[in-house]
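Following: one structure in structure tokens, then a few remarks.
Everything numeric here is computed off the predicted structure, so don't read it as measured data. Computed from heavy atoms alone, side chains included, the values below leave out hydrogens, waters and symmetry copies.
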Amino acid sequence: MKKLVSFLLVLTFVLCLIPAQKAKAVTEFTLNYPNVASAMLVEYKTGKVLYAHNIQKQVPIASVTKIMTLILGFEAIESGVLTYDKILTVSAEASSMGGSEVFLNAGEEISVEDTFKSIIVASANDACVVLAEAVAGSSQQFVAQMNEKAKELGMKNTLFVNCTGLPASGHYSTAEDVALMSRELLKHEDYFRWSTIWTENMTNLKNNTMITNTNKLIRFYTGCDGLKTGFTNEAKYCISATAQRGGERFIAVVLGMENSDDRFSLAKELLNYGFSNYKTSTVIEQGQSFEGSAELIVRKGKKDTVTGVAAQDVSELVEMSAKPQYTVTSVPNEVISAPIKEGDVIGKFIVYSGDTEIAQIDMLAAESIDKLTLGDYIKAIFARWVWV
């Protein structure tokens, strides 16, 4: 027994001498394609930039332009301007686009649903103009809306001249701006109805066009479910690609690559780098309450208290080996008075990772509370009088 105790003491001493392993630091991404115009990797939820190469360089982006065309199209669906079953008539302008197309004839009818499918899967220029005319009345008016939306999204180095990305003087964007509009498009869940189609015969069209997805990563990269490729002689080979695995989603942007295979290879390398080195840590979920946000005193209300809840999710992108510690401080308004509507801002939450503040979000009222009326006061006085 004494020998066993002595052995364990020696073993403990030896283990104490072994230094604790440090968390593996993330190695910076190495770009092996020096001829690429620009490249970028961002995490979808937080928008955190994980790699950047010439991301503010203004370059033509070819059919990657259609990301913005689709954003405005989905906004038209969500606002009720368009419905998927609405039938559109193909104009002469639309049928004359050339380039990648589904070979629509002037006067032919096509549903809004098939228009989206043609753009998302086949990058169809003719379908883009059909959609633009349906949303804005003309392709020119639609382009004006594209540029307004670009400003709204903070795309500071972008100018659209058309809705297709076909070569045009003064039509340009940047990897940084492409990432911004890519994140915006992914907010529209209907996009994923068609984004992973590999091939399909468009039997509703006069030409029964067989479409094939222009994004090879859809088929050959695990988790890839969008976004958009592009090619012209001026823009060379471009792509904005996204993939999701588990709770992580990344967006890789590659612009101005010399050949198509390298475009896809670099996009894969960027996405692999993201999935291998980073994870998304959910800090707050929308609707969650915390210590200090429950039973907040309400003045002049038919209820005496209200609970404050988080207005939105809060996520932080961290290195794969990291084990962050989060705290949330509740800061309700000094005075909360009725009437209160569910969703009214009644304070804020401050989120910390260790000692570092990483976010501030609104605290919302979890329920509506009406203001006391004169009748309520009279009833209260009468009730007290009766019990005296």
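- Counting only distance, with no hydrogens or angles, the side chain of Asn125 and the backbone of Ser100 share a donor-acceptor pair below 3.5 Å.
- When side chains are defined from C-beta on, Val254 counts as touching Leu270, because their heavy atoms get closer than 4.5 Å.
- Side chains of Thr214 and Ser123: a donor-acceptor N/O pair is absent below 3.5 angstrom, by distance only.
- No chain of hydrophobic side-chain contacts below 4.5 Å, direct or via other Ile, Leu, Val, Met, Phe, Trp or Tyr residues, connects Val129 to Ile61.
- In this structure, Ile211 is not a member of the same hydrophobic cluster as Phe103, with clusters built from ILVMFWY side-chain heavy atoms closer than 4.5 Å.
- For the salt bridge (charged side-chain N to carboxylate O under 4.0 Å, His left out) test, no residue two or more places apart in sequence or in another chain qualifies with Lys323.
- Residues in residues 329-352 take part in these ring pair (Phe, Tyr, Trp, His ring centres under 6.0 Å) pairs, two or more places apart or across chains: Phe290-Phe349.
- Counting only heavy atoms from C-beta outward, the side chains of Val306 and Glu367 approach each other to under 4.5 Å.
- There is no side-chain donor-acceptor pair under 3.5 Å between Asn157 and Thr174.
- No side-chain donor from either of Thr222 and Arg245 sits under 3.5 Å from a side-chain acceptor of the other.
- The salt bridge (charged side-chain N to carboxylate O under 4.0 Å, His left out) check on Glu75 picks up Lys149, with sequence neighbours excluded.
- For Lys86, the side chain to side chain contact (heavy atoms under 4.5 Å, CB included) test picks out Leu82, Thr83, Leu88, Val112, with sequence neighbours left out.
- Shown here are the side chain to side chain donor-acceptor pair (under 3.5 Å) partners of Asn272, two or more places apart in sequence or in another chain: Tyr221.
- In terms of the salt bridge (charged side-chain N to carboxylate O under 4.0 Å, His left out) criterion, Lys268 has no residue partners (sequence neighbours excluded).
- The pair Arg193-Glu113 meets the salt-bridge criterion, since a charged nitrogen lies less than 4.0 angstrom from a carboxylate oxygen.
- Side-chain atoms of Asn147 come within 3.5 Å of backbone N or O of Phe160 as a donor-acceptor pair.
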### Verdict with supporting geometry, Asp225 and Arg249, side chain to side chain contact (heavy atoms under 4.5 Å, CB included)
CA-CA 10 Å; Asp225 52 6; Arg249 177 181 289 280; 2.8 Å; yes

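- Looking only at distances, a side-chain donor or acceptor of Lys279 sits under 3.5 Å from a matching main-chain atom of Met320.
- Contacts of Ser265 classified as side chain to side chain donor-acceptor pair (under 3.5 Å), with partners at least two apart in sequence or in another chain: none.
- Side-chain contact annotation: Thr69 with Lys66, donor-acceptor N/O pair under 3.5 Å absent.
- For the atom pair CG (Asn215) and CD1 (Ile239), the distance works out to 4.0 Å, reported to the nearest 0.5 Å.
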Just distance, no hydrogens or angles: give the donor-acceptor pairs under 3.5 Å from side chains in residues 353-366, sequence neighbours left out.
from   : atom 1 : to     : atom 2 : distance (Å)
Glu357 : OE2    : Gln360 : NE2    : 3.0
Gln360 : OE1    : Lys348 : NZ     : 3.4

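- Inter-residue side-chain proximity for Leu180 and Asp177 is flagged as met; some heavy-atom pair is nearer than 4.5 Å.
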When the side chains of residues 137-145 are checked against the rest of the protein, which donor-acceptor pairs come out under 3.5 Å, sequence neighbours left out?
from   : atom 1 : to     : atom 2 : distance (Å)
Ser138 : OG     : Gln141 : N      : 3.1
Ser139 : OG     : Glu93  : OE2    : 2.8

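- In this structure, Val178 and Met155 have side chains that are not in contact, with every pair of non-hydrogen atoms separated by 4.5 Å or more.
- Considering only heavy atoms from C-beta on, Ser95 stays 4.5 Å or farther from Asp126 through its side chain.
- Here the side chains of Val121 and Glu200 are not in contact, with every heavy-atom distance at 4.5 Å or above.
- No donor-acceptor distance shorter than 3.5 angstrom exists from the side chain of Thr305 to the backbone of Glu295, with no hydrogens or angles considered.
- Evaluation of the salt bridge (charged side-chain N to carboxylate O under 4.0 Å, His left out) test over residues 326-338, restricted to residues two or more places apart or in two chains, returns none.
- If you chain together hydrophobic residues whose side chains sit under 4.5 Å apart, Leu266 and Leu227 never meet in one group.
- Put simply, Val81 and Leu72 are part of the same group of oily side chains (I, L, V, M, F, W, Y) that touch within less than 4.5 Å, one to the next.
- Residues Lys228 and Ser63 bring no donor and acceptor atom of their side chains to less than 3.5 Å of each other.
- Pairs of residues two or more places apart, or lying in two chains, that qualify as ring pair (Phe, Tyr, Trp, His ring centres under 6.0 Å) and include a residue from residues 112-136 are Phe74-Phe116, Tyr84-Phe116, Phe116-Trp194.
- Shown here are the side chain to side chain contact (heavy atoms under 4.5 Å, CB included) partners of Arg183, two or more places apart in sequence or in another chain: Tyr44, Ile251.
- Within the 4.5 Å cutoff, side-chain heavy atoms of Tyr278 are placed close to those of Leu50.
- Hydrophobic clustering places Ile55 together with Leu153 (ILVMFWY residues linked when any side-chain heavy atoms are closer than 4.5 Å, directly or through intermediates).
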